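Each remark here refers to the structure printed beneath this line.
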Amino acid sequence: MSVPTSSRTDRAGRTNVQKAALVVGVVFLLVGVLGFIPGITTNYDTMSFASHHSEAMLLGIFQVSILHNIVHLLFGVAGLVLARSVSGARSYLVVGGIIYAVLFIYGLLVPQDSAANFVPLNLADDILHLVLAIGMVGLGVALTRRGAGADV
């Protein structure tokens, strides 16, 4: 009899899906903090609250704004909180992945120099959002499905 992946726990009592949500949450917190550090974020002095006019670039690649960094911080906190339960962790990963899929589509449809690009997003952000969407949904689903031959 196979054990569902989500019920496998470590010594601290966390399942794989909870550990994944925790790691993703910590990464989002880290990214949110790094977005506020001059040097790690280039053109820091041009960072605006929310507009495509922000030329601040996290790691010199990803366009960020104050709002963008705050969203990363909030997404990170949500990951830490929701990782406390299996259902919360799964929801965080799957729903979060869907949100990033929507952001990916938004980034493709909204011109970069448009006032509607208030987050702001550039091509690197769009690609990262697609990777996050696939990765998060994939983790949420794969780590909570029953193993082959498991009793349902």
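Please read all numbers here as calculations on a predicted model, not as lab measurements.
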According to side chain to side chain contact (heavy atoms under 4.5 Å, CB included), who are the partners of V95, at least two apart in sequence or on a separate chain? I99
Would you please name every residue forming a side chain to side chain contact (heavy atoms under 4.5 Å, CB included) with I127, sequence neighbours left out? L123
What about I98 and L121, same hydrophobic cluster or not, with Ile/Leu/Val/Met/Phe/Trp/Tyr joined at side-chain heavy-atom distances under 4.5 Å? no
Any side-chain heavy atom of L132 sitting closer than 4.5 Å to one from L128? yes
Point-to-point distance, once rounded to the nearest 0.5 Å, from CE of M47 to CD of Q63: 10.5 Å
Say whether L74 and I66 are linked into one hydrophobic cluster, either directly or through other cluster members, by side-chain heavy-atom distances under 4.5 angstrom. yes
Nonpolar side-chain network containing V131, other nodes, edges under 4.5 Å: none
d(L93 CG, L139 CG) to nearest 0.5 Å is 6.0 Å
If Ile, Leu, Val, Met, Phe, Trp and Tyr residues are connected whenever their side-chain heavy atoms lie under 4.5 Å apart, and connections chain through other members, are V26 and I40 in the same group? yes
Are F28 and L30 linked, directly or through other ILVMFWY residues, by side chains that come within less than 4.5 angstrom of each other? yes
Enter the distance from F49:CZ to L67:CG here, rounded to the nearest 0.5 Å. 5.0 Å
Tell me every residue that passes side chain to side chain contact (heavy atoms under 4.5 Å, CB included) with V31, counting only those two or more places apart in sequence or in another chain. V27, L58, H72
Under the 3.5 angstrom rule, does the side chain of D125 hit a backbone N or O of N122 as a donor-acceptor pair? yes
Which value, rounded to the nearest 0.5 Å, describes the distance between R14 atom CZ and K19 atom NZ? 9.0 Å
Heavy-atom closest pair, residues T42 and G39: CG2-O, 4.2 Å
Within the distance-only criterion (no hydrogens, no angle test), does the side chain of T46 pair as donor or acceptor with the backbone N or O of S54 below 3.5 angstrom? no
Set of residues satisfying side chain to side chain contact (heavy atoms under 4.5 Å, CB included) with respect to A101, sequence neighbours excluded: A133
Rounded to the nearest 0.5 Å, what separates atom CG in D45 from atom CD in E55? 9.0 Å
Are the side chains of I134 and F104 in contact, using a 4.5 Å heavy-atom criterion? no
Hydrophobic clustering (ILVMFWY, side-chain heavy atoms < 4.5 Å, transitive) - are V141 and V23 grouped together? no
For the ring pair Y92 and Y100, is the centre-to-centre distance below 6.0 Å? no
Consider side chain to side chain contact (heavy atoms under 4.5 Å, CB included). Of V64, T41, V33, I37, which one does N69 pass it with? V64
Working to the nearest 0.5 Å, report the span between CG of L130 and CG of L103. 11.5 Å
Let me check something: any side-chain donor-acceptor pairs from residues 76-91 under 3.5 Å, sequence neighbours excluded? List them with distances.
residue: S85; atom: OG; partner: G88; partner atom: N; Å: 2.9
residue: R90; atom: NE; partner: T144; partner atom: OG1; Å: 2.8
residue: S91; atom: OG; partner: S87; partner atom: O; Å: 3.0

